[in-house]
Amino acid sequence: MNILLDAETIQARVKALAGEIERDYPADDEIHLVGVLKGGFIFMSDLVRAMSHRVSLDFIAVSSYAKSTKSSGEVRMLKDLDSGLQGRHVIIVEDIVDTGLTLTYLQEILKARSPKTLRTACLLSKPSRRQVDVAVEYIGFTIEDRFVVGYGLDYAEKYRNLPYIAVLNE
Ligand code: IMP
Ligand code: MG
């Protein structure tokens, strides 16, 4: 496995992103983070710990990938949010934007719940794979078209616990 982004590099970037996000919202406003399970859980936990704003959080689970490295283009809701979004500053926290299909689906269903603002933060982006033009306001790293694992990202449910991001050898 080749390490693409080591733990220190990721930690530094996540802290910078947290700062960027906090500068974009009034200091007294609460930010509601919606983590996308399961891939986004590590990014979410590091991001919230780097923030000093008032935050609340929730999780949603969707499935877009079977046990394969290719996107099926199919998105299914597995677990909905616990609370409503009306009038809240919502940020979707996701591991990676690849084709963009998952985030397009998520943004549509969450927008329909009338948040005050809705933005998206992704640790990784693979722009060369995009099938739909989706807005992602906060991006940690832009990477090449490689299948990566670690820091929340899996291959067949493995490798999520790695503290770094690595390219899985075919
Ligand atoms: P999209 O709908 O094609 O943008 O896919 C997004 C989802 O696919 C992410 O939330 C990941 O769960 C998964 N995914 C995309 N690329 C990778 C990768 O390189 N490694 C692991 N999971 C990936
Ligand atoms: Mg995911």
Side-chain angles (χ1 to χ4, degrees), residues 1-11 13-14 17-18 21 31-48 50 57-82 85 90-113 115 118-170:
M1 228 180 304
N2 294 327
I3 296 182
L4 186 65
L5 300 163
D6 63 30
E8 260 179 50
T9 305
I10 297 171
Q11 292 305 321
R13 183 67 187 125
V14 171
L17 273 181
I21 290 170
I31 302 173
H32 188 61
L33 298 164
V34 169
V36 185
L37 295 172
K38 294 176 248 185
F41 86 111
I42 302 264
F43 177 38
M44 174 80 143
S45 72
D46 281 343
L47 190 67
V48 291
L57 52 95
D58 203 345
F59 289 95
I60 195 166
V62 292
S63 90
S64 48
Y65 270 72
K67 283 179 189 163
S68 114
T69 55
K70 292 216 173 67
S71 174
S72 61
E74 221 175 89
V75 183
R76 206 155 52 92
M77 167 96 68
L78 302 176
K79 181 218 172 285
D80 203 345
L81 297 172
D82 293 336
L85 302 180
V90 175
I91 303 180
I92 301 171
V93 180
E94 169 67 308
D95 52 2
I96 185 166
V97 49
D98 187 36
T99 63
L101 294 167
T102 306
L103 277 176
T104 299
Y105 168 82
L106 280 171
Q107 290 180 358
E108 269 169 27
I109 60 162
L110 299 190
K111 211 175 285 169
R113 300 179 188 186
L118 179 65
R119 289 186 181 161
T120 303
C122 277
L123 182 73
L124 304 173
S125 173
K126 285 194 228 176
S128 64
R129 297 251 315 154
R130 212 73 92 240
Q131 287 176 23
V132 280
D133 189 24
V134 63
V136 181
E137 288 78 7
Y138 305 103
I139 291 174
F141 302 92
T142 296
I143 62 169
E144 307 278 294
D145 181 10
R146 298 277 180 73
F147 195 84
V148 292
V149 295
Y151 200 75
L153 293 117
D154 76 306
Y155 171 68
E157 296 301 326
K158 286 184 298 204
Y159 313 115
R160 293 194 195 274
N161 58 314
L162 301 177
Y164 49 82
I165 299 217
V167 176
L168 193 67
N169 301 318
E170 283 87 29

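All ligand and atom numbering here is 1-based and tracks the order in the structure.
The atoms of ligand 1 that sit less than 4.0 Å from any heavy atom of Thr99 are 1 (P), 2 (O), 3 (O), 4 (O). Within ligand 1, the atoms closer than 4.0 Å to a non-hydrogen atom of Asp154 are 21 (C), numbered from 1 in the order shown. Ligand-side atoms of ligand 1 in range of Thr102: 1 (P), 2 (O), 5 (O), 6 (C), range being under 4.0 angstrom from any heavy atom. Heavy-atom proximity to Asp95, at under 4.0 Å, picks out these atoms of ligand 1: 9 (C), 10 (O), 11 (C), 12 (O). Atoms of ligand 1 lying under 4.0 Å from any heavy atom of Asp98, numbered from 1 in the order shown and given with element: 1 (P), 3 (O), 4 (O), 5 (O), 15 (C), 16 (N). Using a 4.0 Å cut-off to heavy atoms of Arg146, the atoms of ligand 1 that qualify are 19 (O). For ligand 1, the atoms lying closer than 4.0 Å to a non-hydrogen atom of Leu101 are 2 (O), 4 (O).
At a heavy-atom cutoff of 4.0 Å, ligand 1 is contacted by no atom of Val75, backbone or side chain. Residue contacts with ligand 1, taken as heavy atom pairs separated by less than 4.0 Å, involve Glu94 solely via side-chain atoms from C-beta onward. With a 4.0 Å cut-off on non-hydrogen atoms, Lys126 touches ligand 1 through its side chain and not its backbone.
Atom CG of residue Asp154 and atom NZ of residue Lys38 lie 7.0 Å apart, to the nearest 0.5 angstrom.
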Side-chain donor/acceptor pairs under 3.5 Å, residues 105-112, sequence neighbours excluded:
residue	atom	partner	partner atom	Å
Gln107	NE2	Thr120	OG1	2.9
Gln107	NE2	Ala135	O	2.9

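Heavy-atom proximity to atom 17 (C) of ligand 1, evaluated over Phe147, Tyr155, Tyr105, is greatest for Phe147.
Counting only distance, with no hydrogens or angles, the side chain of Arg76 and the backbone of Val62 share no donor-acceptor pair below 3.5 Å. With hydrogens and angles ignored, the 3.5 Å screen pairs a side-chain donor or acceptor of Asp58 with a backbone N or O of Asp82. Of the possible polar contacts, none joining the Arg130 side chain to the Gly100 backbone as a donor-acceptor pair under 3.5 Å is found.
At under 3.5 Å, not a single nitrogen or oxygen of Leu103, backbone or side chain, sits near a nitrogen or oxygen of ligand 1. Considering backbone and side-chain N/O atoms, Val148 comes within less than 3.5 Å of an N/O atom of ligand 1.
Between Leu168 and Val148, every side-chain heavy-atom pair lies at or beyond the 4.5 Å cut-off. Put simply, the side chain of Ile96 reaches to within 4.5 Å of the side chain of Lys126, judged on heavy atoms. Using a 4.5 Å heavy-atom threshold, the side chains of Ile21 and Glu137 count as separate.
At least one heavy atom of Leu153 sits less than 4.0 Å from an atom of ligand 1. Within the structure, the closest approach of Gly39 to ligand 1 does not fall below 4.0 Å when heavy atoms are considered.
Using the six-membered ring where Trp is involved, Phe147 and Tyr155 have ring planes that are perpendicular, over 60° apart on the 30 and 60° scheme.
Residues satisfying the side-chain hydrogen bond (donor to acceptor under 3.5 Å, both in side chains) test with Gln11, not counting sequence neighbours, are Asp46.
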